[in-house]
Amino acid sequence: MRVVIVGGGFAAVQFAKTLRSKLRASECKILLFNRENHMVFHPLLADVAGASINADAAAAPLRQMLPGVGCRTERVQRIDLSSSEIEFDDGNGVLTRLHYDHIVIACGAESNLGIIPGMSDHAFAFKVMRDAIDLRQHIVHQMEFAEAATNPDLRRWHLSFIIVGAGFSGAEVAGEINELVRSSTRFYHNFRKDDVVVTLVHSQDQILPEVAPKLREFAKKKMQKAGITMLLNTRAVAATHEGVELNDGRMLKGATIVCTIGTAISPIVQSLDVPKERGRIRTTPEMRIEGQTNAWAIGDCAYIINAFDNKPAAPTGQFAERQGRQAALNLVRILKGEATQPFRFKALGQLCSIGGYQAVAEMLGVHVSGFLAWLMWRGVYLFKLPTWSRRIKVALDWSWDVLFPRDLSFLNTDAAQQVTRAYYRPGDFIHRQGEPARTFSIIEEGQVEVLQQDPQASETKVLAVLGKGDFFGEGALLGNRPHETSIRARSAVRLRQIGSALFSEIAGSFAPLRELLAKAVTSRSGDFWRRVPISKSILEGESLASLLDPLPAELLSKETTYADAIKALNESATGHLLVLDEKQRLWGTLDRNDLYQIIARIVATSAETRGDITRRKLSDLLPGNPVYVALEDSTLVASATMLDHGISWLPVVQSKDDLRPVGRLRGDRITRRLIEKIGHMETDRARAAS
């Protein structure tokens, strides 16, 4: 018999360990698939981030923990419950199928920072060992940057740490960061403890909602006394390079953001066609998946009713361990023809460290706080570690932490060699005129404005608008000079950014790319204004409203079918159509060029996945997020935008904040007006000369 386990957390490990102890290798072959070759002991992640223990002490190798169990690191891509097979990537891009007699799905949950705009781009998740290691490296980096900073505001920004969410993970990591940075200030000369700012942002009126009110209040007072600021009844609504925007409009600035809220169901669980409750797999009392005889689900990905109180089991380690053990025993009972038993477990309590040798504990109804709770926390988790080697390692690390300073070493990484993502709110500057060039940016979503300081007047003018698929920064990087223009987010913007060193390396070694970028630099609208300077002054003063074409007779919606869109396009006199969303805001545009691109994509798809194209909606076929200008923009901005994009028309909306379309702007109308104005100027000049 072959049993396949998908996952490597508390539930999966306990299932494998229990089943191996009950069945000999000749009776049952056990295969455990997990992307990492170790099990992460999650309660100690905050200690890793705070440098009070080494990372390897909180990660136990699965092969050493589970003798007699086959441990694999290939990624399971699909589970076929009907044929009792899994499909996994063998590491070389080849999908391999494997038959099983029983399968146990214990892949847990994943971080989902995407619930808050910009959080996935600028914040640290706190779910796996890599998160804790990266956070620790980043914290030490910020102390080094603060030591070198001469600007007090910049120094304070480097020493400001924002933690979103004040559950167990948020409170523990806030306490550890606070302890690490404040205790390390004695080794630096350019800042003191008073310069360190650690802020907890929590949407509820109390931190640690899982524990008793008395313990919450104790934790709150102790953490505040240690220097941690708490913003309760406050939500983070966006994250940027500068910090976190709050729901009351304030901008909380800080170089470090840790997000401990937001989880998502594993993609492999999402793809399963089984009964689910809030995304988690529904099980029978014995923990088999509803409707299945040889498939089990345990841990955070499973919705299991606890027979102790008839409530859903909590997604915590202590429940996961008991589920793993109970499910394995039930499988053994089934093989022996015995009756299974429902999952039943009474929670033993809760433990949370809050930094500074302080903790809160609730064990078997008894409430303990302070130093004694901290000793209990360390003692309980020390003996919950899966192997004696890990227990000894952690005990030694904790003893070292009490006697000696925390480790401040780090691996230096060059941001100029990295590819990153960034999020900017409307009005945020991405870079300013005169600043050194550090990144090459590609717009993934949204629009930006190109601005330039007028040397003749103390004002900044908008030169052009760039949208999805456009890029900027290449001119300054190729010319090794500061930026000649500023770039400001016109709407919410997501960017993919390539560091200057990596960009130079790619552009230098790949001649076609360098030629493409050089051509883009010379074909920008600025080159046109330099060749025909009189046109710039004319278009700056020209009213955009006076050049508008009315809206087309028919406005499409995202729900319009492909067939209806073709019909409308064929009946259109101009061949330019606008696509609106459910609030009548501009969502996309459609012209014959878009139609050709859609057809090309359709032809490239296989007949099996193509389906009936005529019934598909425009929202499935068009990218949306079109380039547009607003009535408040000048004709110069509209002209530059068309020149930069190589297009002949633009939709015009009411304003930057009101995307309801008011008309269309054609390039030929601008050209005729420009020629007309230049003709009048020449006539006036000739009359004056005579």
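Counting only residues at least two apart or on different chains, the salt bridge (Lys or Arg N to Asp or Glu O under 4.0 Å) pairs with a member in residues 649-659 are Glu449-Lys656, Asp658-Arg660. Residues in residues 174-183 take part in these salt bridge (Lys or Arg N to Asp or Glu O under 4.0 Å) pairs, two or more places apart or across chains: Glu176-Arg406. Sequence neighbours left out, the pairs with a member in residues 154-171 that pass side chain to side chain donor-acceptor pair (under 3.5 Å) are Gln142-His158. Sorted by first and then second residue, the salt bridge (Lys or Arg N to Asp or Glu O under 4.0 Å) pairs with a member in residues 619-629 form an empty list; sequence neighbours excluded. Evaluation of the salt bridge (Lys or Arg N to Asp or Glu O under 4.0 Å) test over residues 629-639, restricted to residues two or more places apart or in two chains, returns Arg490-Asp633.
Side-chain atoms of Thr260 come within 3.5 Å of backbone atoms of Val164 as a donor-acceptor pair (strictly under, hydrogens ignored). For the pair Gln418 (side chain) and Leu502 (backbone), a donor-acceptor distance under 3.5 Å is absent. Remark: the backbone N or O of Val237 is not paired with any side-chain donor or acceptor of Asn247 at under 3.5 angstrom.
Shown here are the side-chain hydrogen bond (donor to acceptor under 3.5 Å, both in side chains) partners of Arg585, two or more places apart in sequence or in another chain: Asp581. Lys253 pairs by the salt bridge (charged side-chain N to carboxylate O under 4.0 Å, His left out) definition with nothing, not counting sequence neighbours. Every residue two or more places apart in sequence or in another chain that forms a salt bridge (charged side-chain N to carboxylate O under 4.0 Å, His left out) with Glu542 is listed here: Arg673, Lys677. Under the salt bridge (charged side-chain N to carboxylate O under 4.0 Å, His left out) criterion, Arg75 pairs with no residue, sequence neighbours left out. A search for salt bridge (charged side-chain N to carboxylate O under 4.0 Å, His left out) contacts involving Asp549 returns Arg666, Arg669, not counting sequence neighbours. Residues passing the ring pair (Phe, Tyr, Trp, His ring centres under 6.0 Å) test with Tyr188, sequence neighbours excluded: Phe191.
Nearest heavy atom pair, residue Gly663 against residue Leu551, reads N-CD2, 3.4 Å. Nearest heavy atom pair, residue Ala239 against residue Ile257, reads CB-CD1, 4.1 Å. Closest approach of Ala476 and Ala437 over heavy atoms only: CB-CB, 3.6 Å. In terms of heavy atoms, Ser634 sits closest to Leu544 at O-CD1, 4.3 Å. Nearest heavy-atom pair, Ala58 versus Val48, reported as atom, atom and distance to 0.1 Å: CB-CG2, 4.0 Å. Considering every non-hydrogen atom in both Pro661 and Leu578, the closest pair reads CB-CD1, 3.8 Å.
The distance from atom CD1 of Ile442 to atom CD of Glu474, rounded to the nearest 0.5 Å, is 10.0 Å. Atom CD1 of residue Ile670 and atom CG of residue Leu650 lie 7.5 Å apart, to the nearest 0.5 angstrom. From Thr256, atom OG1 reaches atom NE2 of His138 across 3.0 Å, with rounding to the nearest 0.5 Å. For the atom pair Leu477 CG and Ser500 OG, the distance stands at 6.5 Å (nearest 0.5 Å). Rounding to the nearest 0.5 Å gives a distance of 11.5 Å between SG of Cys259 and CD1 of Ile162. With rounding to the nearest 0.5 angstrom, the CG atom of Asn178 is 8.0 Å from the CE atom of Met223.
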Task: Phe472 vs Ile443, side chain to side chain contact (heavy atoms under 4.5 Å, CB included): CA-CA, chis, key distance, verdict - done: CA-CA 9 Å; Phe472 55 87; Ile443 302 173; 4.0 Å; yes
- [ ] I would like to know whether Gln224 and Met230 meet side chain to side chain contact (heavy atoms under 4.5 Å, CB included); could you show each step before the answer?
- [x] CA-CA 7 Å; Gln224 287 176 327; Met230 295 189 184; 4.3 Å; yes
Open item on the list: Quick one, His483 with Arg432, criterion side chain to side chain contact (heavy atoms under 4.5 Å, CB included). Give me CA distance, side-chain angles, the key distance, then yes/no.
Closed with: CA-CA 7 Å; His483 291 292; Arg432 296 179 185 269; over 6 Å; no
- [ ] Quick one: do Gln452 and Thr485 satisfy side chain to side chain donor-acceptor pair (under 3.5 Å)? Show the steps, please.
- [x] CA-CA 5 Å; Gln452 191 168 51; Thr485 58; over 6 Å; no
Open item on the list: Before you tell me yes or no, could you show the steps for Val173 and Leu135 under side chain to side chain contact (heavy atoms under 4.5 Å, CB included), namely the whole-Å CA-CA distance, both residues' side-chain angles and the distance that decides it to 0.1 Å?
Closed with: CA-CA 10 Å; Val173 75; Leu135 178 58; 3.9 Å; yes
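The shortest side-chain heavy-atom distance between Thr460 and Gln453 falls under the 4.5 Å cut-off. Using a 4.5 Å heavy-atom threshold, the side chains of Gln497 and Ile430 count as touching. Residues Thr589 and Trp649 have side chains in contact (heavy-atom distance under 4.5 Å, counting atoms from C-beta outward). Glu245 has its side chain out of reach of Pro117: every pair of non-hydrogen atoms, C-beta onward, lies at least 4.5 Å apart. Side-chain contact between Val181 and Met143 is present, with at least one heavy-atom pair separated by less than 4.5 Å. The shortest distance between side-chain heavy atoms of Asp428 and Val493 does not fall below 4.5 Å. Counting heavy atoms from C-beta outward, Met251 and Thr240 have side chains that approach closer than 4.5 Å. Taking the side chain as every heavy atom from C-beta outward, Asn112 and Thr263 never approach each other to under 4.5 Å.
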Report, one line per pair, each donor and acceptor closer than 3.5 Å where one atom sits in a side chain of residues 121-131; sequence neighbours left out.
| from | atom 1 | to | atom 2 | distance (Å) |
| --- | --- | --- | --- | --- |
| Asp121 | OD2 | Arg494 | NH1 | 2.7 |
| His122 | NE2 | Tyr423 | N | 2.8 |
| His122 | NE2 | Tyr423 | O | 3.3 |
| Arg130 | NE | Asp134 | OD1 | 3.0 |
| Arg130 | NE | Asp134 | OD2 | 3.4 |
| Arg130 | NH2 | Asp134 | OD1 | 2.9 |
| Asp131 | OD2 | Lys127 | N | 2.8 |
| Asp131 | OD2 | Val128 | N | 3.0 |

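For the side-chain contact (heavy atoms from CB on, under 4.5 Å) test with Thr234, the passing option among Val201, Leu252, Val244 is Val201; the others fail. The side-chain contact (heavy atoms from CB on, under 4.5 Å) test with Val450 is passed by exactly one of Ile487, Val637, Thr641: Ile487.
Note: Phe440 and Phe471 have tilted aromatic rings, judged against thresholds of 30 and 60 degrees for the angle between ring planes.
A donor-acceptor contact closer than 3.5 angstrom is absent between the side chains of Gln433 and Ser486.
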